[in-house]
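Please read the structure below before turning to the comments.
The sequence lines fix the lettering, A, B, ..., with proteins before strands; numbering per chain opens at 1.
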Protein chains: 2
Amino acid sequence: MQRDTSQRRAIRRALEAAGRPLGALEVLEASQADAPGLGIATVYRNIKALLKAKEISEVQLPGEPPRYEAAGKDHHHHFRCDRCEKVYELGGACLPDLKNALPRGFKVSSHEVLVHGVCAACARK
Amino acid sequence: MQRDTSQRRAIRRALEAAGRPLGALEVLEASQADAPGLGIATVYRNIKALLKAKEISEVQLPGEPPRYEAAGKDHHHHFRCDRCEKVYELGGACLPDLKNALPRGFKVSSHEVLVHGVCAACARK
DNA sequence: CTATTTTTGATAACGTGTTATCATTATCAG
DNA sequence: CTGATAATGATAACACGTTATCAAAAATAG
């Protein structure tokens, strides 16, 4: 990642502007506004480069290909809309009494929460 | 699923005995004790049949192929050991104030929690 | 501006997990 | 017990997301 290309700028910008994790195809689509003709290979290449540079981070959800979001956010969880399948960011609200729920001898290093439901945009319809 | 084969019995038994979600290969391995010569195709076939019959249910974790567990358990979450990569069942301890964390207009239908860490067996070593 | 070298886009190839195929074996109704 | 047929095991084929290949285009140093 040594040259500053319009494609990479578009991809970076799309991920920052989204405010929610995007999958590779969502990145492609969102970036094509700024970078016409952008190809999927370039998206994957740049996602990998931006991950290595820690500008973005990977968000894995059960049973789905990875999504990516701007790096450096505070601890948060995600909401996945059952209708449009978009994933949103959830601030605050974390786990309370994890320790009590654990079998003896188990040690926690991290956790993740995924909330399913219908987002505001879809509920409106 | 009309005939009662030793293979299907072995698979059912392995999933019940495990007490934790097993992946397809774990099912294969665990079942081969009771059903020598068992093949992976039969495992996949029977997993599908048992799912349809609602005897087992699918457990999806981020970035991993599905696991399966006996159906009909109470609401619970899972713990994945970073070392041995086994997944355990966690009883109790559920989310508190989900509603407050949601953006306006979002509706929750369900949620899932995954705890990462080291299991008792691995911590001992 | 030019030469060098990275990056790109199209697409073939890949890896992993799962499903289809098909000849053989096992179950079970009669 | 026997015939009909469902189920099995080996393995080829598939699906999907991702990576590799390579000629052409674009970025940067000088």
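- Clustering ILVMFWY residues whenever any of their side-chain heavy atoms sit less than 4.5 angstrom apart, transitively, puts V108(B) in the very cluster that holds F106(B).
- The side chain of Y44(A) contributes an N or O atom lying less than 4.0 Å from OP1 or OP2 of dT18(D).
- The 12-atom threshold is exceeded at CZ of R12(B), counting heavy atoms of other residues, nucleotides or ligands nearer than 6.0 Å.
- Less than 4.0 Å separates DNA chain C from at least one heavy atom of each of the following residues of residues 3-14 of chain A: R3(A), T5(A), Q7(A), R8(A).
- Interatomic distance, CG of L61(B) versus NE2 of H116(B), reported as 8.0 Å (0.5 Å rounding).
- Within residues 24-42 of chain B, the residues approached by DNA chain D to less than 4.0 Å at the level of any non-hydrogen atom are G37(B), L38(B), G39(B), A41(B), T42(B), in residue-number order.
- Put simply, the side chain of Q32(A) gets close to the backbone of L38(A): a donor and an acceptor are under 3.5 Å apart.
- Taken from CG in L102(B) to SG in C119(A), the straight-line distance is 11.5 Å, to the nearest 0.5 Å.
- Atom NE2 of H111(B) sits about 3.5 Å away from atom NE2 of H75(B), to the nearest 0.5 Å.
- If you measure from atom CE of M1(A) to atom P of dT7(C), you get 9 Å, rounded to the nearest angstrom.
- Between P65(B) and R45(B), the residue anchored closer to the 5' end of DNA chain C is P65(B), taking for each the nucleotide with the nearest heavy atom.
- Linking ILVMFWY residues whenever their side-chain heavy atoms come closer than 4.5 Å, directly or via other members, leaves I56(A) and V87(A) in distinct clusters.
- Residues from residues 46-62 of chain A lying near DNA chain D, meaning a heavy-atom separation below 4.0 Å, are K48(A) in numerical order.
- Here the rule is salt bridge (Lys or Arg N to Asp or Glu O under 4.0 Å) with E89(A), and of R67(A), R80(A), R20(A), K73(A) only K73(A) fits it.
- Both P66(B) and V43(A) lie close to DNA chain C; mapped to their nearest nucleotides by heavy-atom distance, the more 5′-ward contact belongs to V43(A).
- Counted by atom type alone, T42(A) and R45(A) present one or more donor-acceptor pairs between their side chains at under 3.5 Å.
- One finds no salt bridge joining R8(B) and E55(B) here, because no Lys/Arg side-chain nitrogen approaches an Asp/Glu carboxylate oxygen to under 4.0 Å.
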